[in-house]
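These numbers come from the heavy atoms of this one structure, side chains and all, not from hydrogens, waters or symmetry mates.
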Amino acid sequence: MSGTVTQIDDTELVSRLKQRDRAALEDLIQAHGAKMYGVALQFMRNEYDAREAMQDALVSVWNKIGSFEGKSAFTSWLYRVTANAALMALRKKKRHENDVSLDTAPNDDEELSPPAFRLSDEGPLPDRVALTGELGEQVRSAIDRLPEPYRVVVLLRDVEELSMAEVMEATGLSEPALKSRLHRARLALRESLLPYLKGEETRTL
């Protein structure tokens, strides 16, 4: 394995994987493992299952690397493989019986209760949420209460900070569908956090 993994180009990494270079898997983990684990953790919600999903994703990468044609960024393809592995693990375990998978989510013109979408998409929640301190705990709790399709896009986009293109690749959503889902999810979060935020304003007066 190379001692300067950060200097390894993804094109070289893909080439080595296609040549069945097992050392390339180690370099892949060094270069992209943290982000893969982060994606898996957002789906699985616990470290053990996230590690299992990441292992499944690595097996999929090894087996499916021949199908990667370079039409999208390697990282985008990698995150989609990871997301799919996590979704398959969720289905297999049936741990979230009320969750809706990304593949079977309703049309984004339809509403998923329970969130109520009444506030404008403006206000105190930035696109990048900081999950630290008391506010961070409130935000994370609100995110966890979102229905699965909304929770996943917020976590991938606003917490893991994947680009729009990477989230589209990971979820299989079109750009309009992703924007719609993010918009609704953020409105639901503001609705959920509004009592807390108003309480903070009252305490600071």
If you define the side chain from C-beta out and look only at heavy atoms, does anything of [X] sit under 4.5 Å from [Y]?
X	Y	answer
Val167	Leu173	no
Leu87	Val152	no
Phe74	Leu28	yes
Leu187	His183	yes
Arg190	Leu194	no
Arg157	Arg181	no
Lys35	Leu78	no

Shortest non-hydrogen contact from [X] to [Y]?
X	Y	answer
Val154	Ala185	CG2-CB, 3.3 Å
Leu189	Ile143	CD2-N, 3.6 Å
Phe43	Arg151	O-NH2, 3.8 Å

With sequence neighbours left out, what residues match [X] under side-chain hydrogen bond (donor to acceptor under 3.5 Å, both in side chains)?
X	value
Ser72	none
Asp144	Arg140
Lys18	none
Ser192	Arg145

What's the verdict on side chain to side chain contact (heavy atoms under 4.5 Å, CB included) for Arg20 and Ile65, showing C-alpha distance, side-chain angles and the deciding distance?
CA-CA 9 Å; Arg20 318 315 284 166; Ile65 189 63; 3.5 Å; yes
Salt bridge (Lys or Arg N to Asp or Glu O under 4.0 Å) contacts in which one or both residues fall within residues 166-176, not counting sequence neighbours:
Glu175-Lys179
Here the salt bridge (Lys or Arg N to Asp or Glu O under 4.0 Å) pairs for residues 66-77, sequence neighbours left out, are Glu69-Lys71
Can you name the residues that form a side-chain contact (heavy atoms from CB on, under 4.5 Å) with Ser174, not counting sequence neighbours?
Pro176, Ala177
Does Ala165 have any side-chain contact (heavy atoms from CB on, under 4.5 Å) partners at least two apart in sequence or in another chain, and if so, which?
Ser163
For the residue pair Trp77 and Phe68, categorise the inter-ring angle as parallel (less than 30°), tilted (30 to 60°) or perpendicular (more than 60°).
tilted
Got a list of side-chain donor-acceptor pairs under 3.5 Å for residues 52-60, not counting sequence neighbours?
residue	atom	partner	partner atom	Å
Ser60	OG	Asp56	O	3.2

As a quick check of understanding, evaluate side chain to side chain contact (heavy atoms under 4.5 Å, CB included) for Met88 and Lys92, giving each step before the final call.
CA-CA 6 Å; Met88 289 182 66; Lys92 199 177 299 182; 5.6 Å; no
Pairing residues for Lys64 by the salt bridge (Lys or Arg N to Asp or Glu O under 4.0 Å) criterion, not counting sequence neighbours:
none
